[in-house]
Amino acid sequence: MDARFCGFLVLAVLSSHLDASRLAVNQELSTLFNELWKLDVNRMSPGVDYTISVQGKAGFVNQGSNVAQDRASQPLFSQVNETKLQATTTISRFMKLLNNYESSTGVSEQVTAEEVAENNLFLDAVLETEVMKRAHRFLVSKGRSRSDLRQFKSQLYLIWFHLYHRDRNAGVDSCGFEHVFVGETRSGREIIGFHNWIQFYLQEKSRLLDYKGYKARDQDIPDQDDHVLNLQFSWHGLVKPVGSAFIGASPEFEMAVFTVVFLMNTERSTTVLVNIDQCQMELVVIRHGRSLGTAYPKLISSNNRHLRQHSSH
């Protein structure tokens with residue numbers, strides 16, 4: 001199978017409340033996001049930069065249950081080119097941020113000056129990529145961002161790194177970056193967030209995460225070349241029944257896409273339907289004031305199935 005765009009490793013709950021059939025495809029954002037995907041030179045290639053083994057189909061697990069049959073005896077990632085990860089500036093700086101957070105909500109985050117500096121170095125690298133430069137130009141053209149790079153960087157910091165209360169009974173304990181890219185646990189009962197393939201690989205390599213198997217409809221059985229997976233896993237003794245995230249994509253691509261959706265809408269919860277390469281997906285973004293609460297993709301169809309279905313009507 002040819003390597004395709006649909007870069008999703010399912011790591012976060014697919015909790016969209018909207019049926020894709022009720023949404024019209026956003027052609028403008030589809031065009032933009034296809035352009036960003038083509039500009040993403042830091043994207044990792046399946047079968048070259050990483051190899052996955054999807055193994056068995058995971059069973060049904062009720063939300064809140066932490067008992068799951070293991071349908072995958074081996075890790076999901078059988079090989080990742082860590083030399084390339086470390087040699088890619090945005091990714092190496094991204095990985096330095098992953099251990100800066102307390103995983104449990106309700107535990108206040110203590111951010112050091114060193115960690116703030118790491119956040120800024122990461123954003124500096126992201127802002128130098130063609131992916132984020134293109135997203136910035138688009139947002140400026142729509143009046144959603146200022147052209148001044150320092151002001152845009154401050155806007156990104158507020159969206160992704162501003163700390164806020166996710167657990168109302170505690171101090172500031174969360175931010176968009178932590179939730180989306182690192183993952184959190186809530187009340188010792190469930191995994192929330194955790195939408196990133198690099199974090200998945202690193203946690204799996206450290207044996208802190210156990211892949212349980214893929215999740216898919218009968219017509220969407222994945223293979224190792226797919227850029228889309230639905231899956232189930234355990235982390236910190238808790239089970240994530242099903243979720244979604246990009247796989248192989250660079251951090252700057254994910255940040256650019258979700259930042260655009262965040263800034264182009266003002267509703268607390270936004271779902272847009274887009275076609276990117278051979279995939280149709282919903283992009284779900286939920287706000288937490290002026291910052292990001294969560295963001296994830298929800299795959300609707302792959303292999304241009306949505307085009308074939310449309311032509312058959």
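On a predicted model such as this, the values are computed, not experimentally measured, just so you know.
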Less than 4.0 angstrom from a charged side-chain N to a carboxylate O is my criterion; do [X] and [Y] meet it?
{"X": "Asp210", "Y": "Lys212", "answer": "yes"}
{"X": "Glu114", "Y": "Lys96", "answer": "no"}
{"X": "Arg134", "Y": "Glu35", "answer": "yes"}
{"X": "Glu130", "Y": "Lys133", "answer": "yes"}

Margin query: Holding to side-chain hydrogen bond (donor to acceptor under 3.5 Å, both in side chains), I want the full list of residues that pass it with Arg290, two or more places apart in sequence or in another chain.
Written below: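 Partners of Arg290 by the side-chain hydrogen bond (donor to acceptor under 3.5 Å, both in side chains) criterion come out as none, since no residue qualifies.
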Does a side-chain heavy-atom distance below 4.5 Å link [X] with [Y]?
{"X": "Glu282", "Y": "Val272", "value": "no"}
{"X": "Asn119", "Y": "Trp160", "value": "no"}
{"X": "Tyr211", "Y": "Gln74", "value": "no"}

Donor-acceptor contact present, side-chain [X] to main-chain [Y], <3.5 Å:
{"X": "Thr129", "Y": "Val126", "answer": "yes"}
{"X": "Ser291", "Y": "Leu158", "answer": "yes"}
{"X": "Ser78", "Y": "Thr51", "answer": "yes"}
{"X": "Gln69", "Y": "Gly59", "answer": "no"}

So how far is it from [X] [atom1] to [Y] [atom2], rounded to the nearest 0.5 Å?
{"X": "Asp40", "Y": "Ser250", "atom1": "CG", "atom2": "OG", "result": "3.0 Å"}
{"X": "Leu273", "Y": "Gln27", "atom1": "CG", "atom2": "CD", "result": "9.0 Å"}
{"X": "Leu121", "Y": "Thr90", "atom1": "CG", "atom2": "OG1", "result": "13.0 Å"}

Report the relative orientation of the aromatic rings in [X] and [Y]; use parallel for angles under 30°, tilted for 30 to 60°, perpendicular for over 60°.
{"X": "Phe77", "Y": "Tyr201", "value": "perpendicular"}
{"X": "Phe246", "Y": "Phe253", "value": "perpendicular"}
{"X": "Phe122", "Y": "Phe94", "value": "tilted"}
{"X": "Tyr296", "Y": "His195", "value": "tilted"}

Item checked: Connected hydrophobic set around Val61, excluding itself, where side chains approach under 4.5 Å ->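 Under the 4.5 Å side-chain rule, Val61 groups with Val239.
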Item checked: Pairs where residues 144-161 contributes a residue and the test salt bridge (charged side-chain N to carboxylate O under 4.0 Å, His left out) is met, not counting sequence neighbours ->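 Those involving residues 144-161 are Asp124-Lys153, Asp148-Arg150.
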Item checked: Heavy-atom closest contact (Leu36 atom, Val131 atom, distance) ->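 Closest approach of Leu36 to Val131, heavy atoms only: CD2-O, 3.3 Å.
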